[in-house]
Colleague: 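Let me give you the structure first, and then I'll get to my questions.
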Amino acid sequence: MREEYDIKNLNPRKNPYAKKLKRQITINIDSATIDYFKGQSDNTGIPYQTLINLYLTDCAENKRTLHLNWG
């Protein structure tokens with residue numbers, strides 16, 4: 001690489017996807033739920049983990065709240 005390059009100014013734009021970076025976690029999901037999303041995956045051709053992420057992202061973006069009835 002040539003010494004006269006100013007690396008910091010070559011591409012001053014910020015990464016537009018930086019806020020969308022994914023982080024790997026461990027989560028326990030029951031078999032029936034995984035089977036449901038795997039079935040949806042078969043129908044849509046979208047990987048089931050991506051479908052779960054899309055669903056959770058939609059919940060977070062729309063500030064959905066969970067309503068449980070333990071009756």
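Hydrogens, waters and symmetry mates play no part in the numbers below; they use all other heavy atoms, side chains included. Since the model is a prediction, treat every value here as computed from it, not as a measurement.
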Colleague: Grab the two heavy atoms, one from Ser41 and one from Ile46, that are nearest each other, plus how far apart they are.
Modeller: OG-O, 2.6 Å
Colleague: For Asn53 versus Lys22, what's the shortest heavy-atom pair and its separation?
Modeller: ND2-CE, 3.8 Å
Colleague: Among Asn28, Ile34, Thr33, which residue meets the side chain to side chain contact (heavy atoms under 4.5 Å, CB included) test with Asp30?
Modeller: Thr33
Colleague: Give the minimum heavy-atom separation between His67 and Thr65, together with the two atoms involved.
Modeller: NE2-OG1, 3.2 Å
Colleague: For Leu66, which fellow cluster members are found when Ile, Leu, Val, Met, Phe, Trp and Tyr are connected by side-chain heavy-atom distances below 4.5 angstrom, either directly or through intermediates?
Modeller: Leu68, Trp70
Colleague: Any chance you could lay out the side chain to side chain contact (heavy atoms under 4.5 Å, CB included) test for Asp58 and Arg64, step after step, and finish with the verdict?
Modeller: CA-CA 8 Å; Asp58 179 66; Arg64 300 187 196 285; 2.9 Å; yes
Colleague: According to side chain to side chain contact (heavy atoms under 4.5 Å, CB included), who are the partners of Leu56, at least two apart in sequence or on a separate chain?
Modeller: Ile52
Colleague: Does one hydrophobic cluster hold both Ile27 and Phe37, with members joined at side-chain heavy-atom distances below 4.5 Å?
Modeller: yes
Colleague: Look up atom OG1 in Thr50 and atom OH in Tyr48, then write down how far apart they are to the nearest 0.5 Å.
Modeller: 10.0 Å
